[in-house]
Amino acid sequence: MPVHNDEIATAFDEIADLLSLSGENQFRIRAYRRAAQTVRALPEELAARIAAGFDPDRLPGIGADLAGKIREFVASGHCKSLEALRRSVPRGLREMLALPDIGPQRARALYEALGIHSLADLKESLDHHRIRRVPHFGTRLEERLRKSLEALGERSHRVSWNVADGYAQGLRRFLAAIPGVAQVEVAGSYRRGRETVGDLDLVVAAPAGVDVDRALRSYDEVAAVLASGRTRSSVVLRSGLQVDVRVVPPASFGAALYYFTGSKAHNIRLRTIAVAKGLKVNEYGVYRGRNRIAGETEESVLGAVGLPYIAPELREDRGEFDAASARHLPDLVTREQLTGDLHAHTRATDGNASLEEMVDAARRAGLRYLAITDHSKYLGAVHGLDATGLSRQIDQIDELNARVRGIRVLKGIEVDVLEDGSLALPDPALARLDLVVGAVHSQFALSRRKQTDRLLRALDRPYLSVLAHPTARLIDQRAPIDCDWSQVFRRAEERPCLLELNAQPDRLDLDDVLAREAAASGVLISIASDAHRIEDFAFLDGGVRQARRAWLSASAIANTRPLGEVRRLLRRTFLK
DNA sequence: GCCGTTTTCGGCCCGACTGTTTTCAGTCG
């Protein structure tokens, strides 16, 4: 039974929690948390790499001890020290950490004073007002915990970037309109372009005396105030989304924006680098001794520690500091560099606009070519195109191309990759098309071996030009298929075949980690809207965000090139 | 537990808010 990276990471997180409940050294705890993060973000399964001779202690933050635990876990599926910890820490105590305001110290104190070792125990003690008798606990904390416990069930999980964007823009406008406010930016994981956002972080530049906190509390979507201060406030909106606002003087805006954009791991690393140079970085600026030497802009903060600007999408502690000091940061792709879109649908299948409407919308979105790739007919498909329907659409596209200006329409199809890796339409039916987009729409649960073979065989089909949404995941709904991606990337590079970064907000597939790995293997990426409505070309922004998180520059993206070159790329795949 | 152009031992990012306390610990981001 192969052990997945996420299981190793989850075990390390549990060890960290249990160590914290044992009152262990915080730096030892941090080592486990950092190792969990490192392992979770790896593009390839560690078990497979170890089997191939890789030594995990070469990973950053993983030394001899943790490497040994990884080996033990991979070999046996168990970790003895985790099991020992589970025996030594009262069962159930860990779930207390899920509650805001309860950390390891308070969880421990409640256990020792009242024997509380579960959320159910806590509720009972709260109901009987026993908590307030524990040293360092009081009536206010009791009330806070009561509210937190009630809210725990309905606590919102992370929302998609697009949903967060709706709330963020309203808040930004509201805060910017406060008299005296000089500047407002949305920071946090939103600014780093993560596919989901847990809470909103906003940074406000305002001179002393501007009461941003009071204004925020009057925002009509605020349901509860968690913290309220002169420079920092936290509220919860009616939707359940938490909002943290940080207010700084204008001269510190860059430093505060940097600090609040994160990620936490990135900030810790930046501050560590600064310390080595005799500097201190905080949210007010960069300091040498008591002298502030930077802070008005983010560029000044990085410049003060001797580094070039690092784009927010790269700030995940995934090698950006090494790249920055070597002056090898990628020139990240922008939306303006996209020249066209290689995946879109019309009313002929499951889209809701006509061919002409989709093409017009694409042209207005600044695209110079658009591939129409409606679904093929296949077993169980609704409204797939049959040979007659496809032939009719081809004629319509020829007719439209003769008529419209400013955009070229490519003839394509989205065809199913069947369980055996064959395509749902025979080669002769595909030969007339400009491109063939293959996609997995069924049999998601095949074994790693079968799924890998399936995709490798699909990549061997002569007419396949693009593998769409390769992992078939739906964020928070459907797990990615299990597959040896390094093999798939190698084959796609040899063919060559484009791999898609599908920009639908619930797909974003390939994700940032795999897209970076694919590009490193020499595969060209197609950022595609998969538009079903005329509004959907806006999804391309999200695709570009994900591509930037994957460190991709325009040269790694097929559809940043002129149509002639894209045609050559697509045609080359037909010749092999 | 990790790590090293100061170090193989002794460090490990930094500050705001809250509540329970009279000077600070805990939690969080």
Side-chain angles (χ1 to χ4, degrees), chain A residues 12 15-16 19-21 23-38 56-70 81 96-110 131-145 147-148 187-190 192 198-203 213 225-235 242-248 252 255-287 295 301 305-306 317 325:
Chain A
F12 282 170
I15 292 175
L19 287 174
S20 76
L21 288 166
E24 253 290 348
N25 175 346
Q26 56 162 322
F27 299 107
R28 188 171 170 222
I29 295 164
R30 186 195 292 172
Y32 279 98
R33 295 209 192 284
R34 176 159 154 67
Q37 191 198 357
T38 300
D57 86 355
R58 288 168 56 191
L59 294 170
I62 291 176
D65 185 272
L66 290 179
K69 288 192 169 68
I70 290 173
S81 61
M96 303 276 292
L97 299 177
L99 209 59
D101 300 312
I102 293 289
Q105 310 300 326
R106 285 175 181 158
R108 187 108 205 140
L110 289 174
I131 300 291
R132 61 180 65 172
R133 298 203 299 266
V134 180
H136 302 288
F137 283 73
T139 54
R140 305 180 78 151
L141 198 47
E142 196 175 81
E143 192 49 36
R144 253 179 118 85
L145 291 175
K147 282 186 179 163
S148 300
S189 53
Y190 171 92
R192 301 201 307 279
D199 56 21
L200 285 177
D201 304 300
L202 288 103
V203 184
D213 178 65
V225 177
L226 299 178
S228 169
R230 202 170 46 79
T231 70
R232 179 166 210 155
S233 314
S234 292
V235 298
Q242 183 171 329
V243 177
D244 299 322
V245 174
R246 187 67 210 258
V247 186
V248 293
S252 292
L257 181 59
Y258 206 97
Y259 153 71
F260 233 27
T261 295
S263 63
K264 187 185 176 80
H266 175 93
N267 283 347
I268 289 176
R269 171 123 340 180
L270 174 68
R271 290 171 176 196
T272 306
I273 291 171
V275 167
K277 298 190 175 197
L279 302 170
K280 181 177 77 167
V281 176
N282 62 25
E283 53 265 57
Y284 297 104
V286 182
Y287 295 80
V301 171
V305 295
D317 192 19
S325 43

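Below, chain A is the first sequence line, B the second, and so on; all start at residue 1.
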From the list B/dC13, B/dT27, B/dG19, which nucleotide is the closest neighbour of the side chain of A/Q105?
B/dT27

When the P atoms of B/dC14 and B/dT20 are compared, how many Å lie between them, rounded to an integer?
30 Å

For B/dC13 and A/T272 - does any side-chain N or O of the residue sit under 4.0 Å from the phosphate oxygens OP1/OP2?
yes

Side chain of A/P100 - closest among B/dC14, B/dG26, B/dC28
B/dC28

Please state the C1' separation for the pair B/dC3 and B/dT7 - nearest whole angstrom.
9 Å

Could you check A/Q37, A/H266, A/R34 and say which one makes a side chain to side chain donor-acceptor pair (under 3.5 Å) with A/D317?
A/R34

Remember a base hit wins even if backbone is also touched, and classify A/N267 as base, sugar-phosphate or nothing at under 4.0 Å, heavy atoms.
nothing

Identify the heavy atoms of A/V203 and A/A187 that sit nearest to each other, and give their distance.
CG2-CB, 4.0 Å

In Å, rounded to the nearest 0.5 Å, how long is the span from CG of A/D65 to CG of A/D57?
11.0 Å

Please state whether the phosphate of B/dG1, meaning OP1 or OP2, lies under 4.0 angstrom from any side-chain nitrogen or oxygen of A/R28.
yes

Given the P atoms of B/dC17 and B/dG1, what is the spacing between them in whole Å?
36 Å

Beyond-backbone contact of A/S252 with A/E283, side-chain heavy atoms, under 4.5 angstrom:
no

In whole angstrom, what separates A/L145's CG from B/dG19's P?
11 Å

Quickly work out the A/R34 CZ to B/dC3 P distance and round it to whole Å.
8 Å

Can you tell me if A/R132 has over 12 outside heavy atoms packed within less than 6.0 Å of its CZ?
yes

Under 4.0 angstrom between A/R269 side-chain N/O and B/dC13 OP1 or OP2
no

Heavy atoms only, 4.0 Å cut-off, all strands: where does A/P104 land among base, sugar-phosphate and nothing?
sugar-phosphate

If you only use heavy atoms from C-beta on, which nucleotide in B/dC2, B/dT18, B/dT20 is closest to the side chain of A/D65?
B/dC2

Could you let me know what B/dT8 is paired to, Watson-Crick or G-U wobble, both distances under 3.5 Å, or none if it's on its own?
none

Does some side-chain heavy atom of A/E143 sit less than 4.5 Å from a side-chain heavy atom of A/T139?
no

Measure the distance from CG on A/N25 to P on B/dG10 and round it to the nearest whole Å.
15 Å

Base of B/dG15, side chain of A/Y284 - is there a donor-acceptor contact under 3.5 Å?
no

Here's a test of your reading of the structure: between A/K280 and A/E142, which maps to the more 5' nucleotide of DNA chain B?
A/K280

Using a 4.0 Å heavy-atom cut-off across all strands, classify A/S228 as base, sugar-phosphate, or nothing.
sugar-phosphate

At under 4.0 Å, does any side-chain N or O of A/R106 touch on OP1 or OP2 of B/dG26?
no

Using a heavy-atom cut-off of under 4.0 Å over every strand shown, decide if A/I29 touches base, sugar-phosphate, or nothing.
nothing

B/dT6 and B/dC12: how far apart are their P atoms, nearest whole angstrom?
16 Å

When you match A/G138 and A/R246 each to their closest nucleotide on DNA chain B, which lands nearer the 5' end?
A/R246

How many whole angstroms separate atom CG of A/L270 from atom P of B/dC12?
16 Å

Quick note, A/T231 side chain, CB onward, closest among B/dA16, B/dT20, B/dG15 is B/dA16

Within the structure shown, what part of the strands sits under 4.0 Å from A/I268 by heavy-atom distance: base, sugar-phosphate, or nothing?
base

Could you tell me if the side chain of A/R246 sits less than 4.5 Å from the side chain of A/L202, heavy atoms only?
no

For a 4.5 angstrom cut-off between non-hydrogen side-chain atoms, does A/R192 reach A/T261?
yes

Pick the C1' atom in B/dT23 and in B/dG29, then give their distance to the nearest Å.
24 Å

Please report the distance, rounded to the nearest Å, between CG in A/D101 and C1' in B/dA16.
14 Å

Please report the distance separating the C1' of B/dA16 from the corresponding atom of B/dG10, rounded so that it comes out in whole Å.
29 Å

I need the CG-C1' distance between A/D244 and B/dG15, as an integer number of Å.
14 Å

C1'-based separation of B/dC13 from B/dC28 [nearest Å]:
14 Å

In whole Å, I'd like the distance from the CZ atom of A/R30 to the P atom of B/dC3.
13 Å

Touch check for A/T139, heavy atoms < 4.0 angstrom, all strands: base, sugar-phosphate only, or nothing?
sugar-phosphate

Nearest of B/dC12, B/dG29, B/dT18 to any side-chain atom of A/F27?
B/dC12

Rounding to an integer number of Å, can you tell me how far A/Y259 OH sits from B/dG29 C1'?
5 Å

